[in-house]
Student: 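Can you keep this structure in mind? I'll have questions shortly.
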Amino acid sequence: MHIYIRRSLLTACAAILAMEILSPAAAAAPSGNKGREYYEQRGDVIWEIPNKEKVIALTFDDGPDPDETTHILDLLKKYDAKATFFVVGKQVEKNPELARRAVAEGHELGNHTYDHAYFNRRSSVESISSQLNRTQDAIFKATGKRSYLFRPPGGYYSDRMIETCKKEGYLVVMWSWHQDTWDWNRPGVRKIVNKVLGNARNGDIVLMHDHVEGKSQTIDALKEILPELKNRGYRFVTVSELARYNIP
């Protein structure tokens, strides 16, 4: 199954170069010398999958969290929405039942390192592989399934990290630059809502979090985002499903 997804993603990414490239102001700068266009052309990294269908991928980083993830799963279920959770390995070990619930309800899990490690140009292949493998083990132990999507904390990447991910069988998934909600910084529910609703486009990958320091504003924001996007005709899909849609 993951081979099919990978091929679909590679095909889709090759076509993205024909689309308008957005300003990188909202994205983390790469820790390597090559930018988005290079990696998209190679099919190594995706930021979004522009297409003619009204589909959008909600993604949540840093969980699972016993409070926040639970409420988010409840809301997703209410609106028949599927999402991708980029989980931290040690959080999965603490809350395996939430990882199982997410998978059982049709969501997918992505790898977000074992302890939210930031990779830079000095990060060794061994340290990167260790973070990937420890998280993969935690996911498999909790759910019986493996993940083939990886999102680096902070969005920092390098040639070494991307090549290591490829060798380990992962596709690197970022997010749409215009859909970085900054919800981890708790900017206010209205700002989170406006960021998503004011910029929604077919094929977007929205970045949110299901584990933040302090009281989360993401849950209250989702109470407005989910029904409004559904009213606009959007369907909420996983990143893997998003990759199967054609680019016009």
Side-chain angles (χ1 to χ4, degrees), residues 5 9 12 26-27 46-51 53-65 67-88 91 98-99 101-112 147-153 155 171-187 189-212 216-245:
I5 292 170
L9 286 166
I46 62 169
W47 279 260
E48 57 210 15
I49 305 289
N51 67 85
E53 302 293 333
K54 297 199 77 170
V55 289
I56 195 165
L58 302 179
T59 65
F60 300 91
D61 290 7
D62 298 355
D65 178 276
D67 181 50
E68 294 168 35
T69 307
T70 298
H71 286 298
I72 289 171
L73 286 172
D74 290 343
L75 283 168
L76 293 174
K77 187 174 183 178
K78 178 178 179 180
Y79 291 100
D80 192 27
K82 304 306 177 193
T84 300
F85 291 83
F86 286 93
V87 298
V88 172
Q91 290 295 111
L98 285 173
R101 178 186 170 186
V103 171
E105 294 182 1
H107 309 292
E108 72 178 343
L109 304 185
N111 192 318
H112 199 48
S147 172
Y148 298 97
L149 303 177
F150 174 69
R151 174 176 285 165
L171 177 75
V172 177
V173 179
M174 297 297 190
W175 56 87
S176 301
W177 284 339
H178 54 279
Q179 289 289 10
D180 184 350
T181 64
W182 278 64
D183 61 337
W184 59 270
N185 199 38
R186 301 192 299 145
V189 172
R190 183 53 41 202
K191 286 189 176 181
I192 298 171
V193 171
N194 289 343
K195 170 64 77 171
V196 177
L197 298 183
N199 296 286
R201 306 173 189 175
N202 296 359
D204 277 355
I205 298 176
V206 181
L207 173 61
M208 291 183 282
H209 296 75
D210 61 331
H211 177 68
V212 300
S216 170
Q217 297 172 339
T218 307
I219 296 163
D220 285 338
L222 283 170
K223 292 175 182 177
E224 298 185 48
I225 291 168
L226 287 166
E228 174 58 26
L229 287 180
K230 192 166 186 177
N231 286 339
R232 294 183 191 180
Y234 280 98
R235 190 162 68 87
F236 305 99
V237 299
T238 64
V239 169
S240 295
E241 185 176 355
L242 180 64
R244 302 190 186 111
Y245 286 83

Student: Got a second to check how far Phe236's CZ is from Asp80's CG, nearest 0.5 Å?
Tutor: 10.0 Å
Student: For Glu108, does its backbone N or O pair with a side-chain atom of Thr238 as donor and acceptor, under 3.5 Å?
Tutor: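 Not confirmed, Thr238 side chain does not pair with Glu108 backbone.
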Student: Salt bridge check, Asp204 against Arg201: does any charged N sit closer than 4.0 Å to a carboxylate O?
Tutor: no
Student: Please give me the minimum heavy-atom distance between Ala200 and Arg232, naming the atom from each residue.
Tutor: CB-NH1, 4.2 Å
Student: Given the rule in the side-chain contact (heavy atoms from CB on, under 4.5 Å) test, do Trp177 and Trp47 qualify, once you have shown the distances and angles that lead to the verdict?
Tutor: CA-CA 8 Å; Trp177 284 339; Trp47 279 260; 3.4 Å; yes
Student: For Ile205 and Ile46, which heavy atoms make the closest approach, and how far apart are they?
Tutor: CD1-CD1, 4.1 Å
Student: Using a 4.5 Å cut-off on heavy atoms from C-beta on, say whether the side chain of Val172 contacts that of Pro152.
Tutor: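 Yes; the side chains approach each other to less than 4.5 Å.
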Student: Which heavy atom of Glu68 sits nearest a heavy atom of Val212, and at what distance?
Tutor: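 Nearest heavy atoms, Glu68 then Val212: OE1-N, 3.2 Å.
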Student: What closest approach, in Å, do Leu222 and Pro227 show between heavy atoms, and which atom pair accounts for it?
Tutor: O-CD, 3.8 Å
Student: Any carboxylate oxygen within less than 4.0 angstrom of a Lys/Arg side-chain nitrogen, looking at Asp74 and Arg101?
Tutor: yes
Student: Atom CD in Gln91, atom CG in Asp62: separation rounded to 0.5 Å?
Tutor: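 One gets 8.0 Å once the value is rounded to the nearest 0.5 Å.
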Student: Is the backbone of Pro187 close enough, under 3.5 Å, to the side chain of Asn185 for a donor and an acceptor to pair up by distance?
Tutor: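 No: the side chain of Asn185 does not pair with the backbone of Pro187.
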Student: In Å, rounded to the nearest 0.5 Å, how long is the span from CG of Leu75 to NE2 of His71?
Tutor: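 Here the interatomic distance stands at 9.0 Å.
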Student: Test Leu171 against Tyr148 for side-chain contact (heavy atoms from CB on, under 4.5 Å), laying out the working first.
Tutor: CA-CA 6 Å; Leu171 177 75; Tyr148 298 97; over 6 Å; no
Student: Before accepting this row, confirm whether a basic side-chain N of the pair Glu241/Arg235 lies closer than 4.0 Å to the acidic partner's carboxylate O.
Tutor: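 Here Glu241 pairs with Arg235 in a salt bridge, since their nearest N and O are under 4.0 Å apart.
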Student: Should we say atom NZ of Lys230 is surrounded by more than 12 heavy atoms from elsewhere, each under 6.0 Å from it?
Tutor: yes
Student: Take Thr69 and Asp210, measure what side-chain hydrogen bond (donor to acceptor under 3.5 Å, both in side chains) needs, and give me the verdict at the end.
Tutor: CA-CA 5 Å; Thr69 307; Asp210 61 331; 2.7 Å; yes
Student: Establish, yes or no, whether a centroid distance under 6.0 Å links the rings of Phe85 and His107.
Tutor: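 Centroid distance Phe85-His107: below 6.0 Å, so yes.
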Student: Can you tell me how far CD of Glu48 sits from CG of Leu242, rounded to the nearest 0.5 angstrom?
Tutor: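 One gets 9.5 Å once the value is rounded to the nearest 0.5 Å.
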Student: So does Val206 get a backbone contact from the side chain of Thr59, meaning a donor-acceptor N/O pair under 3.5 Å?
Tutor: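 Side chain of Thr59 to backbone of Val206, a donor-acceptor pair under 3.5 Å: yes, one is there.
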Student: Locate the shortest heavy-atom distance separating Ser147 from Gly110; write the atom from each residue and the value.
Tutor: OG-CA, 3.3 Å
Student: Does the Asp61 side chain pair with the main chain of His209, one donor and one acceptor, at a distance under 3.5 Å?
Tutor: no
Student: Is there a side-chain contact between Leu58 and Leu76, using heavy atoms and a 4.5 Å cut-off?
Tutor: yes
Student: Please tell me whether Asp183 and Thr218 have a donor and an acceptor in their side chains that are separated by less than 3.5 angstrom.
Tutor: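 Asp183 vs Thr218: donor-acceptor pair found between side chains.
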Student: Side-chain contact test, heavy atoms from C-beta onward, threshold under 4.5 Å: evaluate it for Asn111 versus Val87 and give yes or no.
Tutor: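 Asn111 vs Val87: side chains apart.
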Student: At what distance, to the nearest 0.5 angstrom, does CZ of Phe86 lie from CZ of Arg151?
Tutor: 4.5 Å
Student: Give the intermediate values and the outcome of side-chain hydrogen bond (donor to acceptor under 3.5 Å, both in side chains) for residues His211 and Asp65.
Tutor: CA-CA 6 Å; His211 177 68; Asp65 178 276; 2.8 Å; yes
Student: State whether the side chain of Lys77 and the backbone N or O of Glu105 hold a donor-acceptor pair below 3.5 Å, judged by distance alone.
Tutor: no
Student: Assess whether a salt bridge exists between Glu224 and Arg190, defined as any Lys/Arg side-chain N lying under 4.0 Å from an Asp/Glu carboxylate O.
Tutor: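 A salt bridge is present here (some side-chain N lies under 4.0 Å from a carboxylate O).
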Student: Grab the two heavy atoms, one from Met174 and one from Gly155, that are nearest each other, plus how far apart they are.
Tutor: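 So the two residues come closest at CE-O, 3.4 Å.
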Student: Tell me whether Lys54 forms a cation-pi arrangement with Tyr234, defined as NZ or CZ under 6.0 Å from the six-membered ring centre and within 45 degrees of its axis.
Tutor: yes
Student: From Gln217 CD over to Ile192 CD1, what is the distance, rounded to the nearest 0.5 angstrom?
Tutor: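 Interatomic distance, Gln217 CD to Ile192 CD1, rounded to 0.5 Å: 5.0 Å.
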